[in-house]
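The sequence lines fix the lettering, A, B, ..., with proteins before strands; numbering per chain opens at 1.
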Amino acid sequence: ELKVEQNPLFLSMQEGKNYTIYCNYSTTSDRLYWYRQDPGKSLESLFVLLSNGAVKQEGRLMASLDTKARLSTLHITAAVHDLSATYFCAVAGRDDKIIFGKGTRLHILP
Amino acid sequence: GAVVSQHPSWVICKSGTSVKIECRSLDFQATTMFWYRQFPKQSLMLMATSNEGSKATYEQGVEKDKFLINHASLTLSTLTVTSAHPEDSSFYICSASRGPQETQYFGPGTRLLVL
């Protein structure tokens with residue numbers, strides 16, 4: 001059974017600082033997703049990572065994937081208040097079902 | 001492209017009534033649609049997977065007689081919460097994909113409050 005674990009689950013940080021959110025998963029997968037969710041809203045797709053060593057960057061966010069370690073990271077560089085949200089990683093199982101992590105609530109202090 | 005809509009965006013109903021939620025892929029044909037439920041400050045939990053023209057596949061613990069799913073066309077899936085109770089109050093999100101191993105596109109969600 002595919003399980004996805006994120007940590008930390010809650011993160012409060014100062015503007016301008018860097019931090020990393022980690023996502024571990026339990027079984028082999030060929031697709032990993034990162035989503036952002038603002039309060040009361042649905043999901044916004046951030047990144048899709050398909051292969052070992054994949055790295056994608058958008059603005060202050062960078063995601064990477066290590067399929068051998070079954071680990072993905074979402075790195076935040078020089079955080080700004082607008083990045084405050086909940087970030088989910090999600091992993092596709094063999095049956096195409098996507099299993100979500102519990103999410104990381106990111107609160108960036110001005 | 002790849003826009004998914006949901007209707008209604010929010011609904012309040014009395015306990016015991018049924019509520020239908022629509023999920024539409026606006027600019028692509030979705031062979032597969034997924035229904036998720038999200039409780040406050042929790043993650044998304046997959047409820048069921050529906051393929052156009054066939055019966056939905058429900059996740060363990062999800063009552064198929066309570067959550068009726070119909071995927072009658074390549075652009076529309078419906079979720080009907082039958083005899084809703086307060087514990088069914090939640091945020092329901094659908095997603096749609098063009099096919100196996102294709103990206104899922106998420107709808108804006110429907111917030112259900114059962115009084």
Side-chain angles (χ1 to χ4, degrees), chain A residues 1-12 21-26 28-51 54 56 63 74 84-107, chain B residues 1-10 21 23-25 30-52 54 56-62 89-113:
Chain A
E1 180 187 355
L2 174 59
K3 294 185 179 179
V4 180
E5 292 187 0
Q6 274 181 251
N7 71 84
L9 298 182
F10 183 80
L11 177 58
S12 181
I21 300 171
Y22 297 89
C23 176
N24 289 91
Y25 54 99
S26 61
T28 302
S29 174
D30 57 4
R31 282 169 291 146
L32 187 141
Y33 303 86
W34 283 97
Y35 295 96
R36 169 180 172 148
Q37 186 178 37
D38 291 296
K41 304 290 186 181
S42 188
L43 302 180
E44 174 190 351
S45 179
L46 296 175
F47 301 107
V48 180
L49 302 171
L50 302 176
S51 60
K56 291 193 175 180
L74 180 66
S84 296
T86 298
Y87 292 86
F88 290 97
C89 75
V91 180
R94 293 179 183 176
D95 49 8
D96 277 345
K97 295 177 186 176
I98 290 181
I99 305 300
F100 283 81
K102 291 186 176 181
T104 297
R105 291 179 62 202
L106 178 62
H107 183 52
Chain B
V3 179
V4 177
S5 70
Q6 280 183 243
H7 178 80
S9 56
W10 62 273
I21 302 169
C23 175
R24 293 181 186 272
S25 56
T31 59
T32 307
M33 288 186 170
F34 303 83
W35 287 96
Y36 296 85
R37 179 168 53 183
Q38 185 181 34
F39 292 109
K41 297 183 180 180
Q42 294 189 22
S43 189
L44 278 73
M45 298 300 295
L46 179 65
M47 298 175 67
T49 304
S50 74
N51 291 295
E52 186 266 338
S54 60
T57 302
Y58 291 81
E59 294 302 299
Q60 192 172 10
V62 178
S89 299
S90 188
F91 191 43
Y92 292 87
I93 304 175
C94 75
S95 69
S97 72
R98 293 183 174 90
Q101 300 193 1
E102 295 283 338
T103 297
Q104 290 186 27
Y105 299 95
F106 286 83
T110 296
R111 195 164 300 280
L112 170 64
L113 176 60

Can you give me the closest heavy-atom contact between [X] and [Y], atom names plus distance?
X      : Y      : value
A:G40  : B:F91  : O-CZ, 4.2 Å
A:Y33  : B:T103 : OH-CA, 4.2 Å
B:Q104 : A:Y35  : O-OH, 4.2 Å
A:S42  : B:G109 : CB-N, 4.2 Å

Contacting moiety of A:Q37, where chain B heavy atoms sit under 4.5 Å | side chain

Count the heavy atoms of every other residue, nucleotide or ligand shown that sit under 6.0 Å from [atom1] of [X], and state whether that count exceeds 12.
X      : atom1 : result
A:Y22  : OH    : no
A:E5   : CD    : no
A:K102 : NZ    : no

Between atom [atom1] of [X] and atom [atom2] of [Y], what is the distance when rounded to the nearest 0.5 Å?
X     : Y      : atom1 : atom2 : result
B:Q38 : A:F88  : CD    : CZ    : 5.0 Å
A:I98 : B:F106 : CD1   : CZ    : 5.0 Å
A:I99 : B:L46  : CD1   : CG    : 6.5 Å

Against chain B, work out which of A:R31, A:R105, A:K41 has the most heavy-atom pairs shorter than 4.5 Å and name it.
->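 The residue among A:R31, A:R105, A:K41 with the greatest pair count is A:R31.
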
